[in-house]
Amino acid sequence: MTVAAKEFVTIDGRELALSNREKVLFPRDGYTKGDLIAYYRAVAGAMVPHLRGRPLTLERFPSGIDGTTFFEKNASAHLPPWVATTTVDSPGGKRDRVRFVMCDDEATLVYVANLAAIVLHVWTSHEPDLDVPEFLFFDLDPFNGCTIGTLAKVALGLRETLAEIGLVPAIKSSGGSGLHVAIPLVPTYTYEIARGFAEMIARRVHERFPTLTTLERTTAKRPAATVYLDYVQVGRGKTLVAPYSVRARDGAPVSMPMAWAEIEALARKRPRGKAALAGTEGEFARFTIANAPAMLAERGDLWGGASWREQQLEPAFAAARATWR
């Protein structure tokens, strides 16, 4: 039996034992677990604020993206004592209570990367009040044959719909085939209110683009070449792929915050072939662990600072009642 070699590193005074860094996780690209750890260290300054205090679900790939994968919510009993956790009730789940890891610092981010946790999923609320979402979001999910132009047009239509009632959203690639559009909230609303608002907006956008969008959750019933307006992920315990999270796909794409000008450019251009399709084989494949740190350093965190403006829903509800009769 071969014992994997360990390398000890110290981050902010905390010693970590990193094992098997040469393990290839992305076989078509050659990226190793060491590359994954190096990437997460490079973006930690921007990424950790999006993770801090939030229950974290790890999507782990110990044998690489072609091997067996599993989701890990309940923290290991062997967790280092300095890793923050939170325990929440889980009615109807496998356990009555689940102890989630919270990635509050770079050391914890490196710790989970060493577990081959390629994808990091987080709640939209954080401690101490997990019942109050800090943002609501729409997952714009392109369906069979949907083009990047259609996806961009729908995203811009969603932005225009929100602008009509005074709201300014942020946007990022999902790291997969679609886009995530978020509305930062003043943290005073329940998940029920946030979801009701998200449903109202999704239905309004569908009315504007009935042939380009769908609200059908069952994939077999969705029209081809449309964008699924997914608002049902707004809810307690529902998760979002974190900004800057790597995805378990060829090329090692990442979920990258974007500027709306980039979406406008996509709506104007007419790409051909695979580049025309909405997906990681097309436009969003350009955001990867190889270039995302440099892009982040150049443009800053587009889901942070002045770009992340908390907003109230009451004026938006009032404007919707007055405008959308």
Side-chain angles (χ1 to χ4, degrees), residues 4 7 9 16 18-48 50-51 56-72 103 106 108-122 139-142 148 151 171-180 239-258 262 266 271 273-275 277-303:
E7 177 183 345
V9 298
L16 292 88
L18 306 182
S19 61
N20 210 11
R21 295 185 65 175
E22 72 285 353
K23 174 68 179 180
V24 175
L25 299 181
F26 296 83
R28 261 77 62 194
D29 305 284
Y31 293 129
T32 65
K33 189 165 74 168
D35 294 324
L36 181 72
I37 292 170
Y39 166 76
Y40 276 131
R41 293 203 69 177
V43 300
M47 188 175 187
V48 168
H50 296 294
L51 303 174
L56 180 66
T57 297
L58 309 178
E59 191 175 353
R60 294 179 57 184
F61 296 80
S63 298
I65 64 173
D66 290 345
T68 301
T69 179
F70 60 95
F71 289 87
E72 183 174 278
C103 193
E106 181 182 342
T108 304
L109 186 56
V110 171
Y111 173 80
V112 299
N114 187 58
L115 298 176
I118 293 176
V119 192
L120 308 182
H121 305 260
V122 292
D139 183 0
L140 305 188
D141 187 6
I148 194 69
L151 179 62
I171 190 166
K172 70 178 179 73
S173 69
S174 68
S177 61
L179 293 166
H180 292 154
T239 61
L240 173 79
V241 171
Y244 308 106
S245 175
V246 185
R247 300 304 300 269
R249 299 167 183 259
D250 287 342
V254 306
S255 180
M256 192 73 178
M258 301 175 69
E262 295 176 86
L266 291 176
K274 285 186 176 181
L277 296 178
T280 52
E281 291 185 342
E283 177 65 29
F284 304 142
R286 65 190 178 94
F287 304 124
T288 73
I289 65 172
N291 59 24
M295 296 178 70
L296 172 60
E298 178 181 353
R299 62 170 65 180
D301 180 16
L302 298 181
W303 269 42

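- Ring planes of F71 and H121: tilted class, angle from 30 to 60°.
- Panel note: side chain R249, backbone A285; no donor-acceptor pair is recorded below 3.5 Å.
- Looking only at distances, a side-chain donor or acceptor of T69 sits under 3.5 Å from a matching main-chain atom of R60.
- Here the shortest heavy-atom pairing between G30 and D35 reads O-OD2, 4.0 Å.
- In this structure, the separation between CZ on F284 and CG on L151 is 5.0 Å, given to the nearest 0.5 Å.
- Here the closest heavy-atom approach between residue L240 and residue H180 is recorded as CD1-ND1, 3.4 Å.
- At distances below 3.5 Å, not a single donor-acceptor pair connects side-chain atoms of R286 with backbone N or O atoms of N291.
- The closest donor-acceptor contact from the side chain of W303 to the backbone of I171 lies under 3.5 Å.
- Remark: the backbone N or O of L120 is paired with a side-chain donor or acceptor of S245 at under 3.5 angstrom.
- The nearest pair of heavy atoms linking A113 to Y40 is CB-CD1, 3.9 Å.
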Next on the checklist: Before you tell me yes or no, could you show the steps for I65 and R28 under side chain to side chain contact (heavy atoms under 4.5 Å, CB included), namely the whole-Å CA-CA distance, both residues' side-chain angles and the distance that decides it to 0.1 Å?
Outcome noted: CA-CA 10 Å; I65 64 173; R28 261 77 62 194; 4.2 Å; yes
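- Although no hydrogens or angles enter the test, the distance criterion places a donor-acceptor pair under 3.5 Å between the side chain of S173 and the main chain of M256.
- When atom types are taken as modelled, the side chain of N114 and the backbone of S19 share a donor-acceptor pair closer than 3.5 angstrom.
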